[in-house]
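First comes the structure, then the notes that go with it.
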Amino acid sequence: MSFVLKKIPDITVPVSVVVPGEEAPATLYATWRLHPVSETQKIMEKQRAGEMDDEALVDQDLVGLSGISDEKGKEVPFSKDLVAQLMDTAYVRKNLIMSWFAAQQGRSEAAAKN
């Protein structure tokens, strides 16, 4: 099978979360807008320069979340309120942000399993 060069607009990556008091990590899935390397470098430079904070990055590029349930086991739909709640949860925030970098490096769900 030959490589087909095509634009892939977004990518889903697993986000491992260690929930305090739980024995095993949980996994949620973040879908991020995928940028060309040149644009990714510009975004990272803006972050380093303090011109873009984590919230702006998430607002700009996070296009979906899945694998999140409430305490009754019901799937929690993707929304700005959910994102705000996760970004305000210390044990989720860093891993969610780091998943943006994994996405930009092409580490999709399938790649993460190998």
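Residue numbers run from 1 in the order of the sequence given.
Val18 and Met87 end up in different hydrophobic clusters when Ile, Leu, Val, Met, Phe, Trp and Tyr side chains are linked at under 4.5 Å. In this structure, Val63 is not a member of the same hydrophobic cluster as Leu34, with clusters built from ILVMFWY side-chain heavy atoms closer than 4.5 Å. In this structure, Tyr91 is a member of the same hydrophobic cluster as Ile97, with clusters built from ILVMFWY side-chain heavy atoms closer than 4.5 Å. With hydrophobic clusters built from ILVMFWY side chains whose heavy atoms lie under 4.5 angstrom apart, Leu62 shares a cluster with Ile68.
If you check the side chains of Gln104 and Asp61, you find no donor sitting under 3.5 Å from an acceptor.
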Between Thr27 and Val17, is a side-chain contact (heavy atoms from CB on, under 4.5 Å) present by the stated rule, with each step listed?
CA-CA 6 Å; Thr27 302; Val17 177; over 6 Å; no

Chi angles and distances behind the side-chain contact (heavy atoms from CB on, under 4.5 Å) call for Thr31, Leu65:
CA-CA 6 Å; Thr31 302; Leu65 288 167; over 6 Å; no

After noting the C-alpha distance and the side-chain angles of Trp100 and Val13, does the key distance pass the side-chain contact (heavy atoms from CB on, under 4.5 Å) rule?
CA-CA 8 Å; Trp100 179 88; Val13 295; over 6 Å; no

Just do the side chain to side chain donor-acceptor pair (under 3.5 Å) check on Asp53 and Gln47 with the steps written out, would you?
CA-CA 6 Å; Asp53 63 12; Gln47 282 229 300; over 6 Å; no

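Taking a cutoff of 4.0 Å between a charged side-chain nitrogen and a carboxylate oxygen, Asp88 and Arg93 do not qualify as a salt bridge. The pair Glu45-Lys42 does not count as a salt bridge, with every side-chain nitrogen at least 4.0 angstrom from each carboxylate oxygen.
Contact of the Ile11 side chain with the Arg33 side chain is not registered, since no non-hydrogen atoms from C-beta on lie closer than 4.5 Å. By the 4.5 Å heavy-atom criterion applied to side chains, His35 and Gln41 are not counted as neighbours. Counting heavy atoms from C-beta on, the side chains of Trp32 and Thr12 never come closer than 4.5 Å.
Between the CE atom of Met98 and the OG atom of Ser16 there is a distance of 13.0 Å, given to the nearest 0.5 Å. Atom CG of Asn95 and atom CG of Leu28 lie 8.5 Å apart (nearest 0.5 Å).
Checking side-chain atoms of Thr89 against main-chain N and O of Val92 turns up no donor-acceptor pair under 3.5 Å.
Summarising the local packing, CD of Gln85 is surrounded by 12 or fewer heavy atoms from other residues, nucleotides or ligands at distances under 6.0 Å.
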